[in-house]
Every structure is written in C-alpha cells, then in structure tokens.
*Asks:* 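I have a structure I would like to understand better, so I am pasting it below and will then ask my questions one at a time.
First the proteins, then the strands, lettered A, B, ... as listed; each starts at 1.
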Amino acid sequence: MSTDYDPETIELAAQKHWDDARSFEVSEDAGKDKFYCLTMFPYPSGKLHMGHVRVFTINDVIARYHRLQGKHVLQPMGWDAFGMPAENAAIQRGIPPAKWTYSNIEDMRRQLKRLGYAYDWTREVTTCRPEYYRWEQWLFTRMFRKGLVYRKNSIVNWDPVDQTVLANEQVIDGRGWRSDAIVERREIPQWFMKITDYAEELLNELDRMPGWPDSVKTMQRNWIGRSEGVELSFDVAGETEPLTVYTTRPDTLMGVTYMAVAAEHPLASKAAANDAKVAAFVEACKKTDAQEATLETMEKKGMPLGISAIHPLTGEEVPLWVANFVLMSYGTGAVMAVPGHDARDWEFAKKHGLPIKQVVAPADGSEIDINAAVYLDRGVLVNSGDYDGMDFDGAFNAIADHFEKSGRGRRKVNYRLRDWGISRQRYWGTPIPIIYCDDCGAVTVPEDQLPVILPEDVQVKGTGSPLKDMPEFVDVPCPKCSKPARRETDTFDTFVESSWYFARYACPDNDTAMLDDRAAYWTPVDQYTGGIEHAILHLLYSRFFQRVMRDEGLTDVSEPFTNLLTQGMVLKDGAKMSKAKGNTVDPQELILKFGADTVRLFMMFAAPPEQSLEWSDEGVQGSFRFLKRFWSTVVDHAAGGPVESLDMSVLNDAQKDLRRKTHQTIAKISDDIGRRHSFNTAVAASMELLNAINKLVDDSLAGRAVQRESLEAVVIMLSPIVPHICHALWQQLGHTSALIDQRWPVVDESALEIDRIEMVVQVNGKLRGRLLVAVDAPKQVIEDLAIADENVQRFIDGKNIRKVIVVPGRLVNIVV
RNA sequence: GCCGGGAUGGCGGAACUGGUAGACGCGCCGGACUCAAAAUCCGGUUUUGGAAACAAAGUGGGGGUUCGAUUCCCCCUCCCGGCACCA
C-alpha cells in the first residue's frame, strides 16, 4: 500500500508539529554545548527571492545538523528594516516607508515559515523599531563622550537639479538617476566613527581567525592597507606653509620631478584665483561623482599651477600640478611624483612631457631604459648623490633618519582604511541623537530622553528629508542650556544597525540595557552565513562595533563571528536574477508546485555553497523525482512490517556490501556537512546509497535488517536538507518519537573492513591495467603482478624499466 | 584602475593532501509498460577511430616543474563580486 508523495500535506503537518512542540525555541542553559548559527538578516524588500532561499537553506542545514549532533542550537531571524527602497516605494506609490516595510515583513515572514526553517521566532528583531535603535543611539552618545565620533566635511554626490544628495547606486554613468543631471562633488559636514583607532587590532586579529575563508581575510587586510613609509614636507616658493606628502618609497625621493595636489587643495584654489584656465580645470574636476571606481578608471588629467615646490634634498624647484586623480580626502591631498618608479606617475609624465629620472637600478647590475618602461622593483640607488649604491632598506632608513634629524619629516605607519562616515541625508533611518545649539555646539541627546523616535506618519517627496519640514521634530531646547536649538535631521548609515543585531538576538526584549548575560551566553556567533558581497564593509564594521561594545563593558567578546561561510549568487542564464533583467524565478510558485523540500534540495544539490548557482527548471524536476523515489522506497520497505534486530555474523556478501556502503556514506556525509559544508556531494552520496538499497532485492530477515539500518541512516542524514519528508518517513518507519530529537548516526568501523583492494597500473603515467590485490600485499608482490599484466606487457615489452613507483592502496607507475 | 574569486562533457557539477578525469543529477538516445500520452522502470551517453577489446586526444589559452598536474609556478584571455551613500 504505497501512498503517493504529497508534499503539501506532509510539510504542513511537520511544521505544525514543530510549532506545537516549540521545537526551535531555546533558552540559556549553561550545562549545554551552545551553537549560535546565523545568517545575514534580510532587507524586507517585499518578496523572498532565490538568493534568500539559498542562504537561509544553507544555514538551516548547518543548524539542524548541529542539533542532531546534540548541540543546543540558536537560529534567529530578523529584519534589516531601514533603507532606501522604502523611500523609493513611498515616492512612487505614496505609502509611508514604515507601512510599506511592516507589510513586507508580514509577507516575508509567512514565506519563511512555509519553507520550514528552524528559527526561534520569539527572538525576532526589527531594526526600525525604537526598542531596537534606541540602543544604537545610546551607544553613539557613549562613543561621542569617548571621542570615538566626530564631525568633519566630506564629499557627497550632489544632484544640482533635484537639489539632493545621491547614493552611489543612484548615479548612473555620472548622472542623477531621476534628473539625468551631471552629478557634482560637494562637501558637507558629516558624522564619522573612528574605525581607524582599531585598524591595527582589526588587522592583526585576522591572523587568528582560522574559521574565516582566506579570500575574505586577504580582502580585509588589503582594505585596511597598512603601510610603512615616511611623511615629509616640501617648501613651496612664496608660501609659508610647507606641502606635506606621504610616501612608501622614500628611496625614490631623488627621482621626484613634479608634485600634484587635489582640485579642492588650498594651493589649487589660490592658483585658480589668478588663472582662469586653472579655475576652469578645478571646476571641471568637481563635475564628477565621488566613487573610487570612477576616479580610478577615468582619464588622468592635470594642469600646471605655475607654482614650484623646493626639493628638500637638492633645493631644486619642481613644478606643482593640480590633477584629477589626487583626492583631498585621501592622506594630505598632495602627492610627490616619481615617474621613473611609479606606474601612474610614469604615464602622466609621458603624456605631459614631464622629465623622467632613473634613481633605482636592478640589483643584478642589468641595464634598463627608464624612458621605455617604468621600473617598479626595489633595487640599488643611482643618481641619488650620497645615497648611491644603497639598497631599499638602507636608503629608506638613511633618508628617514635625515628627515627626522632635520625635523622636516618622520617615519609613519599609514592605513588605507578611512574613518566610517555614518551620516545620511535621508529620512528612513535611525535619527542621529544630536542637538545643535548656537551656544553649546553639537550636544548629544541625554540618556533619559532616548530614544529619539523617528516620526512614521510622513509624506516623502524625494527632494530631501521630510524631517526638515517638521518643526515638532526639529525644534527642541538645548539639553545643556535649554535655549532653543535644532535637532539633527540626518540619519545613520543602515550598516550601523547591521553591525550589532547579532548580539541583540540574545536579548531583544531588554528595555534597560543594550546587552545582558544572555548575550554573554550566546555570543560569539559560531557560524555566520551570508553573501560574499559583504566580505569587506558589513563584516569589518561588525568587527569594529563588537570591539566598541567590548570597550564599553557590554561584552568580553572581540570577534563577533567565529566561522564564516560566504555563499555565491543565484544566476539564471548566466546573469544574476533581477527584476530589471526579467530572469527571476519566484520561490512561492515552486513551493506551490513541488513543496519546500524540493526547493531546498535543489538549492543544496545544484552547486557548492561558495559558488554561484545556475538555476535550472529541469534540475528542480530532478530533485522532485528523487524525493518521490525516496518516499516510495521507504514506504514500500515499511509496509513489510518491523524488522528483527541485526545479527552481523550471518550476512552474505551482498548484505555486507550494502552495510559497508551505508557506513562509508555515514562517514562521508558527516564530513561533507560537518567539516566541508559540501552539501551537493552529501546529497549525491545519499542518492548513491538509495540506489544501492534499491538494488539489493532481498526479503530475508537479514536483508531487510540491513536495508532498514541503511534507510534510517539516510532519513536522519537528509533531514537537515529536506526536514519535512524525513519527519514523515521517520513516522512511516514506525517511530513514535520525533525525528527532530534524534541523534546523528554513528559509523560502525567493523562494517568498513575490506580484504582486497583495486589498484591501477600506469606505464609512463598512462593507465594500462588494474589489479585486485590483498590489502596487506607487500610492495614487491604488487610490482611483480603489475609487470605481469597482459596489457602492461604490451607497453613495456622490449623497453628498459627505469623506475617503478608504488603508491600504497592507489597505483603502480612503471617508468620505461 | 585596484583588491578577491572563477573557467572541467550538450548542461549543473565531482575528483578533499600532486596519483584511475567526468561521481551524482539534468538533458539526450534506445527499450519495457500503455490504444496513446504522461508518470514510472531498465540500459547507454567526453570526443575521434573500432562490432568489441582497445587506442589517440581531452579540464579557458600559452609555457614550466614532476615518474605523474583539473590540482603547484610564470604569462595571458574572458566572466563574476567589492571599491567606502545598494543592502
């Protein structure tokens, strides 16, 4: 009596069981081995997309696997609810961002529940709720007190038509997305967090994070970009202030033939005042957006300022230029140019006919033509007066000493990392808890007046924040002197919310403290899963925030995420799924047609988690077909009734083979899921085992017992991936206790034993034959057998055997 | 431009530490069942030659190390992610 596989019925039944039993709600239990398993929380954009399904399924598989291992597992879910799309929706459809966001959350929560993820929903966190963001406002005021936040001018994309600041994403080919106007750079005052104070620690700790992928650690190292160099100053003719520059190549100092400053540099402004051409150039430089990729790929342009700098060693005059590739916000806004030994300087010198001087020669004494090609390697100094003949280190130290003695420079460690600008000129975000008073300046909102609540009933028009037009929000007394003052209308970068939510899941209901001892129990996150696109910004900001919370005494933990898994994107027809490209697949429709288990199975089977996944409708069919076969195999077997307990001494060869395959598969899947996170090969191994079970046609007591052992193992091992069908099949197999409370199967080493093994015979590395030999056969016997092989003889006949390589248990290679 | 990844049959992928290239699945071809179709089941499937045994070629391109390279090294091409205000 084989009932058909009916995904909807069995999935809803399994979900009801988990709900009724509150299977995934966890409390803090010091006696248990905790495992905190987390995904990057979603932005509530409206509907779940395949990228969500992929990352959540990966994490759910890991969470369920660890639960079966006996761990006390926390897997929470929440919403990264502030952000631009809510404002865009408000502009387009006239719905307030809050209403749009909360309704999206409702829809997406329902979809997540239908996919059967093992979440503790009692801990749900929503970042646009005051009970969440009040603590981030509170921490900001503590950071303000410590001097970890400050205000300075910085550059934004300015749309001169819409009169508004644009996000990088809203700049398309240098133009505003709505106005189509050419975007300009504009400086405005903004709040910054001093992440650079933690640069050294953030960098050094990467060496002690074995649970993170090397690629992510390398990207973070390069992003922080620690360099050792020298800061030195050039006098400028006719100026009292010297021009300070930083270089990692002081050994090339004698090769400086010009210098360059940014368009916003005071010396450029000064020259522009006297020279209309320079003024026009400086203006033109500002007519570009503020993205680094734009600056690095655009044509390098410059113009002489008619001002000279004085070379600090030779006293010679070098011309000062203004150049579009020098940025005011990087370093000092000025660079020394060594065209002989810097690629960008070399190209710029070639283009503008500036002199190129060789001051470093190859250490091996070979000749180079500096006018034909730039020389970047470290070598031996030439044309450098007293420094001639020195190597890189010798010259670095001699020149650094010279400047330190004369007080005109110093050795300096520099970081590429810049402080984190957190001000956004947008409405839908956490209000920055600052009040501006004419007398007291910028004052933080006192703790007893927090949270500063964002008004939710607003009209968003798309030209600046609606908060500016709300006197009831803006007009407040100064907390210090009580005089009339103005509230800050900028909001936090949404990365601030996502930099600490992982800790708040431990204690989302605490209204007297940001974190408590429940956070001490659960943090750090043991397994964190999310997109590779977050490899730098989100993960670095979170590492920074964790340390800020530590230094505030809120936690002892320094690193928030012990193990990191970065998953690839979901593609269709080779491109990322997106509405714009029209290549999306709606998870909802698939769940309706095939059930959640089929969708989960395909996601795990189609590609390893780190790689991008190519969507295939046929592949989904295949996954569904497998589940149907899985269902009927177990149901048909269970129809034969209960089985006797297994007596291993009476097994025949075929039964032994299946039992060996079963335990080999248990070992493989345990390793694939537990260590390698190689879910696709775990699924493949389950399929192989199921094929082997179906091949053993054997109704004897022993045969059924071996099959039963094998089927129970597959049902448990597949349950992290396809939990609903496994829940139902476990009941079919006659169990009264729920599968979710079982333990992972254990390998029986005795089942793995073998006495003979197949070895490959190669001649000159090419496969020529196979041998079946005893496991413990001595080397000489294997060698003789290999040489005696009929096909092998054809290839070694009449030739000289130079060497025979025996790799135990694998192969023999005969070199002739 | 800079930083990080990737490229293997018709397709998704496997080969974990330098040791049998193509596991598992999809698709396709053939067969069984059926009046027929779908579903299901069985067999085949890298390419070329061959009835087969077997042989030759083969992991983006070029070079190198090695008895042996998808795997290590050098150079190149293309694709993807990030580049600080998308999240």
*Asks:* How far does the C1' atom of B:C42 sit from the matching atom of B:G49, given to the nearest Å?
*Replies:*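 After rounding to an integer number of Å, I get 29 Å for this pair.
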
*Asks:* Check whether the ring centres of A:W420 and A:F192 lie less than 6.0 Å apart, and answer yes or no.
*Replies:*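 No, ring centres 6.0 Å or more apart.
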
*Asks:* Considering only atom C1', compute the distance from B:U46 to B:G13 and round it to an integer number of Å.
*Replies:*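 Result for the C1' pair: 15 Å, nearest Å.
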
*Asks:* Assign A:W223 to base, sugar-phosphate, or nothing according to its heavy-atom contacts below 4.0 angstrom with the strands shown.
*Replies:*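 Counting heavy atoms under 4.0 Å across all strands, the contact made by A:W223 includes a base.
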
*Asks:* If I pick the C1' atom on B:C75 and the same atom on B:G81, what distance separates them, to the nearest angstrom?
*Replies:*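 B:G81 and B:C75 have their C1' atoms separated by 24 Å.
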
*Asks:* Would you mind classifying the nucleic acid contact of A:L417 as base, sugar-phosphate or nothing, using non-hydrogen atoms under 4.0 angstrom?
*Replies:*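 Touches a base.
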
*Asks:* Kindly say whether A:G464 contributes a backbone atom to a donor-acceptor pair with the side chain of A:Q425 at under 3.5 angstrom?
*Replies:*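 Pair absent, no side-chain N/O of A:Q425 close to backbone of A:G464.
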
*Asks:* Name all residues meeting the side chain to side chain contact (heavy atoms under 4.5 Å, CB included) criterion together with A:K803; count only those two or more places apart in sequence or in a different chain, and write none if there are none.
*Replies:*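 A:K803 satisfies side chain to side chain contact (heavy atoms under 4.5 Å, CB included) with A:I805, A:V815 once adjacent residues are dropped.
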
*Asks:* Could you tabulate the donor-acceptor pairs under 3.5 Å formed by side-chain atoms of residues 601-611 of chain A, not counting sequence neighbours?
*Replies:*
none

*Asks:* Just by modelled atom types, is the A:C285 backbone N or O under 3.5 Å from a matching donor or acceptor in the A:T288 side chain?
*Replies:*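 Here the side-chain-to-backbone pair does not exist.
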
*Asks:* For atom C1', what is the distance between B:C26 and B:A14, given to the nearest Å?
*Replies:*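 To the nearest whole Å, 15 Å.
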
*Asks:* How far, in whole Å, is B:G25 from B:C72 if one measures between their C1' atoms?
*Replies:*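 32 Å, rounded to whole Å.
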
*Asks:* Test of understanding: with side chain to side chain contact (heavy atoms under 4.5 Å, CB included), list the residues that count as partners of A:V183, not counting sequence neighbours.
*Replies:*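 Checked A:V183 against side chain to side chain contact (heavy atoms under 4.5 Å, CB included); matches are A:N157, A:L166, A:V171, A:D289.
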
*Asks:* Who are the ring-ring contact (aromatic ring centres under 6.0 Å, His included) partners of A:F561, not counting sequence neighbours?
*Replies:*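 Scan of A:F561 (ring-ring contact (aromatic ring centres under 6.0 Å, His included), adjacent residues dropped) gives A:F502, A:Y528.
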
*Asks:* Does A:F626 reach a base, just sugar-phosphate, or nothing at all? Heavy atoms under 4.0 Å.
*Replies:*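 Nothing, no heavy atom under 4.0 Å.
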
*Asks:* Going by a 90° cut-off around 0, is B:G31 syn or anti?
*Replies:*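 Nucleotide B:G31 adopts anti.
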
*Asks:* In whole angstrom, give me the gap between the C1' atoms of B:G9 and B:C28.
*Replies:*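 One C1' to the other, the span is 13 Å.
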
*Asks:* Can you confirm if the aromatic rings of A:F348 and A:F325 lie within a centre distance of less than 6.0 Å?
*Replies:*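 When the ring centroids of A:F325 and A:F348 are compared, they turn out to be within the sub-6.0 Å range.
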
*Asks:* Just wondering, more than 12 heavy atoms not from A:E790 lying within 6.0 Å of its CD?
*Replies:*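 Counting other residues, nucleotides and ligands, CD of A:E790 stays at 12 neighbours or fewer.
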
*Asks:* Provide the start and end nucleotides, 5' to 3', of the part of RNA chain B that has atoms under 4.0 Å from heavy atoms of chain A.
*Replies:*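 Both ends considered, the range comes out as B:G1 to B:A87.
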
*Asks:* Kindly express the pairing pattern of RNA chain B in dot-bracket notation, using | wherever a base pairs with another strand and counting only Watson-Crick or G-U pairs under 3.5 Å.
*Replies:* (((((((..(((......[....)))((((((.......))))))((((....))))..(((((..]....))))))))))))....

*Asks:* Classify A:E618 by what it touches in the nucleic acid, base, sugar-phosphate, or nothing, heavy-atom distance under 4.0 Å.
*Replies:*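 Sugar-phosphate only.
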
*Asks:* In whole angstrom, give me the gap between the P atoms of B:C3 and B:U65.
*Replies:*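 Each nucleotide's P atom is 29 Å from the other's.
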
*Asks:* Could you measure between the two P atoms, the one in B:A69 and the one in B:G61, and give it in whole Å?
*Replies:*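 Roughly 15 Å separates the two P atoms.
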
